[in-house]
Q: 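Can you keep this structure in mind? I'll have questions shortly.
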Amino acid sequence: MSETVSVKIGKSKHSVPKGKSLFQFLSEQNWNKNPVAAKFNGQMVDLDVPLSQDAQIQLVYPGSEEALEILRHSAAHLLAHAVLTLFPETQIGVGPAVEDGFYYDFLRETPFSQDDLSDIEEKMRELSQEDIPIRKKVFSKDQAIRLFKEKGQQLKEELIQEKGPQSVTCYQQGDFIDFCLGPHVPSTGYVQHFKLLSVSGAYWKGEEGGKQLQRIYGTAFFTRKELKKHLVHLEEAKKRDHRKLGPQLDLFSFNEDLGAGLILWHPKGGRVRRIIEDYWREEHLKDGYEILYSPHIAKLDVWRRSGHTEFYEAMYPPILSEDVEYQLKPMNCPFHIMVYNSSQRSYRDLPFRWAELGTVYRYERSGVLHGLLRVRGFTQDDAHIFCRADQLEEEIKKAISLAMRVLNTFGFSDFDIFLSTRPEKYVGKAEDWEKATQSLKKALLDKGLEYRIDEGEGVFYGPKIDIKIKDALKRSWQCTTIQLDFNLAERFDITYVGEDGNFHRPFLIHRALLGSMERFFGILIEHYKGSFPVWLAPVQIMIVPIADRHNDYAHTLDQKFKENKLRSCVDARREKVGYKIRDAETKKTPLILIVGDKEVKEGSASLRIHTQGDKGEVQVEDFLEKLLEIVKNRDMSVNLEEVYHQKT
RNA sequence: GCCAGUGUAGCUCAGGGGUAGAGCAACUGAUUCGUAAUCAGUAGGUCGGGGGUUCGAAUCCCCCUGCUGGCUCCA
């Protein structure tokens, strides 16, 4: 008589012969859905787990995040399997599932080419069709080391040596075996809808100076449809690429002769930037900020004192002037602190809120430069707040509100907020850290904002709040940061005279809302796909006269708009209307006004809205009034429909 | 910085040892036109820069530079 165990799968109870694998049991039951793994008393396991004890089992089905991660992990194994089949001399590194797919690192004398990639993908498909069972194997550490040594897999050998426990789990599919914790899908046939995307370099164990490996990236899904959707999404992202749209829309450019990471803002980009800056200033003044200006260089000693020479790598070498070394500024902080220290401050003066659009220069290594998002010269929307302990919480709240208000206006309403707390190595007093961290938490709580705590992940000089915004494609971008700085406060010995007549150290809050003008502009371009809302668009209205005889009227309208501080333009070229409209549409002009005989006679214009098409005739005064309202309110939508009733 | 790929007209791309090509854009002319491309013509390039191999280099090799995908970095 064989022993049985009692297992509860979901809500149904079963009595099963002890030791039978879950997979086998499910097959016998003709389980109609296709799980990929299971949770055995809460622990994630493979489906072929032996049912050796009474257990509560939850099956993991496609559709869940966990299942997708398992699938992708198995896809990574399939990739390595294919690579070793085609190129047996290759050594395999590590191959995890990542955010949008998976990768596997390989060590090989000749790097993989694009052609290799399609061969590998082809081989993966073959192996998938063979539907090879994936089995978990447990070895002793010594056995495992010997096994991989025999296979010439030194990287794996090294990994097991370093990380392997006494009993080492491996996964085998056919003649491919990998050191891995799992779990995995039951067989290679589960991995069907995948695509290899790119090859790149990667360092062994992520250590710079370590061995250079070849990393192959891919993605995998449970259905063809999902895979297709993801690939379309990638295409969509490409179409929004600000590096493409920027020069196309004549917003900015780079120039090889000028140098890498240095931006040329064109007139149209300059317009948008000015509008952003004007708005930025307006909001800051509302919140009691003062605007500062500071130089682009300072004596090297300033940066020695601030600690930047010591902690900060990304500085350009000093410039020598009359035997004194000067340094191009990578930060604005010391300047603001010097303004603070320019006179004795009283507790009555605080808080100070000082903001500056400060242009800084950082030596970013060539390989990290990326469009407007990572450059060598950029303008931070910086500010420093000096306040007393009793003002701290209020000041943080104000800064958060300002950030939210500004970001909302630009059309961002989806945020990820992070609070980083004290790391092991830190400067300043522990009690100040505690006080500051509590204030940050309280401020977030008060604002009703959800946030995640990165325990011990703070920078050495103070706790901070980071706000990441999500754009139209749900991609996350770091913009706002609100940081306490105990380091500079001490190094520059900032003080105020308190009510008690003694010197006290104020809290120093460092904060940026948009991050940098360049970066934020890049994000905006991608968010809006180059089609800016009316209040931001470099050209808001394109006036299109149908024939030469309508040019005068077109110019009259143009003049009227300009007098109202609107950005309009007349396309008086001797081209057909269709041509001019197409041109304006390609340039993503939000509003197009067409004027012909009828409009001249009636003092009207025919309105066309970008991507929405013909909206019919409008009365100019009426249109102007409504447009001004939209611009004044900084209405994000280009859609005039709600405020504008289409004439029939 | 590292690994790999890549740079031909303003843009998109063809040409891969034997006189540099197309479409769009630009310019000129004709067309005066009603909601995403009118027609014809003209001009435009040290093929990213430098060096080498060769009778001859856009093409092959080396160095530099920019860009792209990653890695590392982003106190």
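All heavy atoms count here, side chains included; hydrogens, waters and symmetry mates do not. Only a predicted model underlies this, so the values are computations on that prediction, with no experimental measurement involved. Every chain is numbered from 1, with letters handed out A, B, ... down the list of sequences.
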Q: Expressed as a whole number of Å, how far does the C1' atom of B:rA20 sit from that of B:rA9?
A: 11 Å
Q: Using both distances under 3.5 Å as the test, list the Watson-Crick or G-U wobble partner of B:rA25, or none.
A: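 Because no pair has both required distances under 3.5 Å, B:rA25 counts as unpaired.
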Q: Could you list the donor-acceptor pairs under 3.5 angstrom formed by side chains in residues 91-103 of chain A, with sequence neighbours left out?
A:
from    : atom 1 : to       : atom 2 : distance (Å)
A:Gln91 : OE1    : A:Gln154 : N      : 3.1
A:Gln91 : OE1    : A:Leu155 : N      : 3.0

Q: Hey, are A:Asp105 and A:Trp204 close enough side-chain-wise for a donor-acceptor pair under 3.5 Å?
A: no
Q: I need the CZ-P distance between A:Phe252 and B:rC67, as an integer number of Å.
A: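 Roughly 12 Å, once rounded to whole Å.
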Q: Report yes if at least one side-chain N or O of A:Tyr579 is closer than 4.0 Å to OP1 or OP2 of B:rA25; otherwise report no.
A: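 For A:Tyr579, the contact criterion (side-chain N or O under 4.0 Å from OP1 or OP2 of B:rA25) is met.
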Q: Under 3.5 Å, is there a donor-acceptor pair between the A:Gln380 and A:Asn332 side chains?
A: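 Their side chains do contain a donor-acceptor pair, which is all the 3.5 Å distance test asks for.
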Q: With respect to the phosphate group of B:rU31, does any side-chain polar atom (N or O) of A:Arg573 fall under 4.0 Å of OP1 or OP2?
A: no
Q: What is the per-nucleotide protein-contact pattern of nucleotides 69-75 of chain B, from the 5' end, where B denotes a base atom under 4.0 Å from a protein heavy atom, S denotes such proximity for sugar-phosphate atoms only, and - denotes neither?
A: BBBBBBB
Q: Holding to side-chain hydrogen bond (donor to acceptor under 3.5 Å, both in side chains), I want the full list of residues that pass it with A:Arg573, two or more places apart in sequence or in another chain.
A: A:Asp571, A:Asp583
Q: Under 4.0 Å between a side-chain nitrogen and a carboxylate oxygen: does that hold for A:Lys464 and A:Asp466?
A: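 Yes, A:Lys464 and A:Asp466 are salt-bridged.
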Q: Can you tell me how far P of B:rA37 sits from CG of A:Asp571, to the nearest Å?
A: 14 Å
Q: Where each residue is assigned the nucleotide of RNA chain B containing its nearest heavy atom, which of A:Gln248 and A:Glu599 is assigned the position nearer the 5′ end?
A: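 Going by which nucleotide is closer to the 5' end, it is A:Gln248.
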Q: Between B:rC3 and B:rU59, how far apart are the two P atoms, rounded to whole Å?
A: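 Each nucleotide's P atom is 24 Å from the other's.
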Q: Consider the side chain of A:Arg608, meaning its heavy atoms from C-beta on, and name the nucleotide among B:rA36, B:rG1, B:rC33 that approaches it most closely.
A: B:rA36
Q: On RNA chain B, compare the nucleotides closest to A:Phe112 and A:Asp597; which residue's is nearer the 5' end?
A: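 The residue closer to the strand's 5' end, by nearest nucleotide, is A:Phe112.
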Q: Tell me whether the OP1 or OP2 atom of B:rU12 has a side-chain N or O from A:Lys244 closer than 4.0 Å.
A: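 For B:rU12, OP1 or OP2 has a side-chain N or O of A:Lys244 closer than 4.0 Å.
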Q: How long is the line joining CD of A:Glu575 and P of B:rA30, in whole Å?
A: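 It works out to 14 Å between those atoms.
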Q: Atom CG of A:Leu107 to atom P of B:rC2: distance rounded to whole Å?
A: 19 Å
Q: Could you tell me which nucleotide pairs with B:rC47 by Watson-Crick or G-U wobble geometry, both distances under 3.5 Å, or answer none if nothing does?
A: none
Q: Write down the distance between CZ (A:Phe106) and C1' (B:rC3), rounded to a whole number of angstrom.
A: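 It is 15 Å, rounded to the nearest whole Å.
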Q: Which residue pairs satisfy the salt bridge (charged side-chain N to carboxylate O under 4.0 Å, His left out) criterion with at least one member in residues 601-612 of chain A, sequence neighbours excluded?
A: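 Counting only pairs at least two positions apart or across chains, the salt bridge (charged side-chain N to carboxylate O under 4.0 Å, His left out) contacts touching residues 601-612 of chain A are A:Glu585-A:Arg608.
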Q: Rounded to whole angstrom, note down the P distance from B:rG15 over to B:rU8.
A: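 So the two P atoms sit 14 Å from each other.
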Q: Are A:Ser294 and A:Lys329 close enough that a side-chain donor and a side-chain acceptor fall under 3.5 Å?
A: yes
Q: For nucleotides B:rC60 and B:rU54, find the distance between their C1' atoms and express it as a whole number of Å.
A: 10 Å
Q: For B:rA14 and B:rG21, measure between their C1' atoms and round to the nearest Å.
A: 7 Å
Q: Round to a whole Å and report the spacing from CG of A:Leu197 to P of B:rU68.
A: 19 Å
Q: Distance check, rounded to the nearest 0.5 Å: A:Gln478 atom CD versus A:Asp416 atom CG?
A: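 Interatomic distance, A:Gln478 CD to A:Asp416 CG, rounded to 0.5 Å: 10.5 Å.
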Q: How would you summarise protein contacts on nucleotides 60-66 of chain B per nucleotide, using B for base, S for sugar-phosphate only and - for none, with heavy-atom distances below 4.0 Å?
A: -----BS
Q: Taking the C1' atom in each of B:rA57 and B:rC62, what is the distance between them to the nearest angstrom?
A: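 One C1' to the other, the span is 15 Å.
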Q: May I have the list of side-chain donor-acceptor pairs in residues 233-242 of chain A shorter than 3.5 Å, sequence neighbours left out?
A:
from     : atom 1 : to       : atom 2 : distance (Å)
A:Glu236 : OE2    : A:Arg240 : NE     : 3.3
A:Glu236 : OE2    : A:Lys529 : NZ     : 3.3
A:Arg240 : NH1    : A:Glu526 : O      : 2.8
A:Arg240 : NH1    : A:His527 : O      : 2.9
A:Asp241 : OD1    : A:Arg243 : N      : 2.9
A:Asp241 : OD1    : A:Arg243 : NE     : 3.0
A:Asp241 : OD2    : A:Arg243 : NE     : 3.2
A:Asp241 : OD2    : A:Arg243 : NH2    : 2.6
A:His242 : ND1    : A:Glu526 : OE2    : 2.7
A:His242 : NE2    : A:Leu372 : N      : 2.8

Q: Any strand is fair game: report the nucleotide pairing with B:rG18 by Watson-Crick or G-U wobble, both distances under 3.5 Å, or none.
A: B:rC55
Q: Less than 4.0 Å between a side-chain N and a carboxylate O, is that true for A:Asp178 and A:Lys156?
A: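 So A:Lys156 pairs with A:Asp178 through a salt bridge.
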Q: Separation of A:Leu258 atom CG from B:rG49 atom C1', in whole Å?
A: 16 Å
Q: With a 3.5 Å limit on both atom pairs, tell me what B:rG7 is paired to, counting Watson-Crick and G-U wobble, or say none.
A: B:rU65
Q: Under a 3.5 Å limit for both distances, which nucleotide forms a Watson-Crick or G-U wobble pair with B:rC73, could you say?
A: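 Across all strands, not a single nucleotide pairs with B:rC73.
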Q: Can you see whether A:Ser253 engages A:His266 through a side-chain donor-acceptor pair at a distance of less than 3.5 angstrom?
A: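 Yes, a side-chain donor-acceptor pair sits under 3.5 Å.
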Q: Is there a Watson-Crick or G-U wobble partner for B:rA30 with both distances under 3.5 Å, and if so, which one is it?
A: B:rU38
Q: For A:Lys580, which contact category applies under a 4.0 Å heavy-atom criterion: base, sugar-phosphate, or nothing?
A: nothing
Q: How many Å lie between CD on A:Glu585 and P on B:rG34, as a whole number?
A: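 These atoms are roughly 18 Å apart.
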Q: Taking the basic N atoms (NZ, or NE/NH1/NH2) and the acidic carboxylate oxygens, is any pair closer than 4.0 Å for A:Arg304 and A:Glu310?
A: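 Result for this pair is no, no salt bridge flagged.
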Q: Could you give the distance separating B:rC13 and B:rG17 at their C1' atoms, to the nearest angstrom?
A: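 Roughly 22 Å separates the two C1' atoms.
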Q: Enter syn or anti for the glycosidic conformation of B:rG34, syn applying to angles within 90° of 0.
A: anti
Q: In whole Å, measure the gap between the P atoms of B:rA37 and B:rA25 for me.
A: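 Here B:rA37 and B:rA25 have their P atoms 12 Å from each other.
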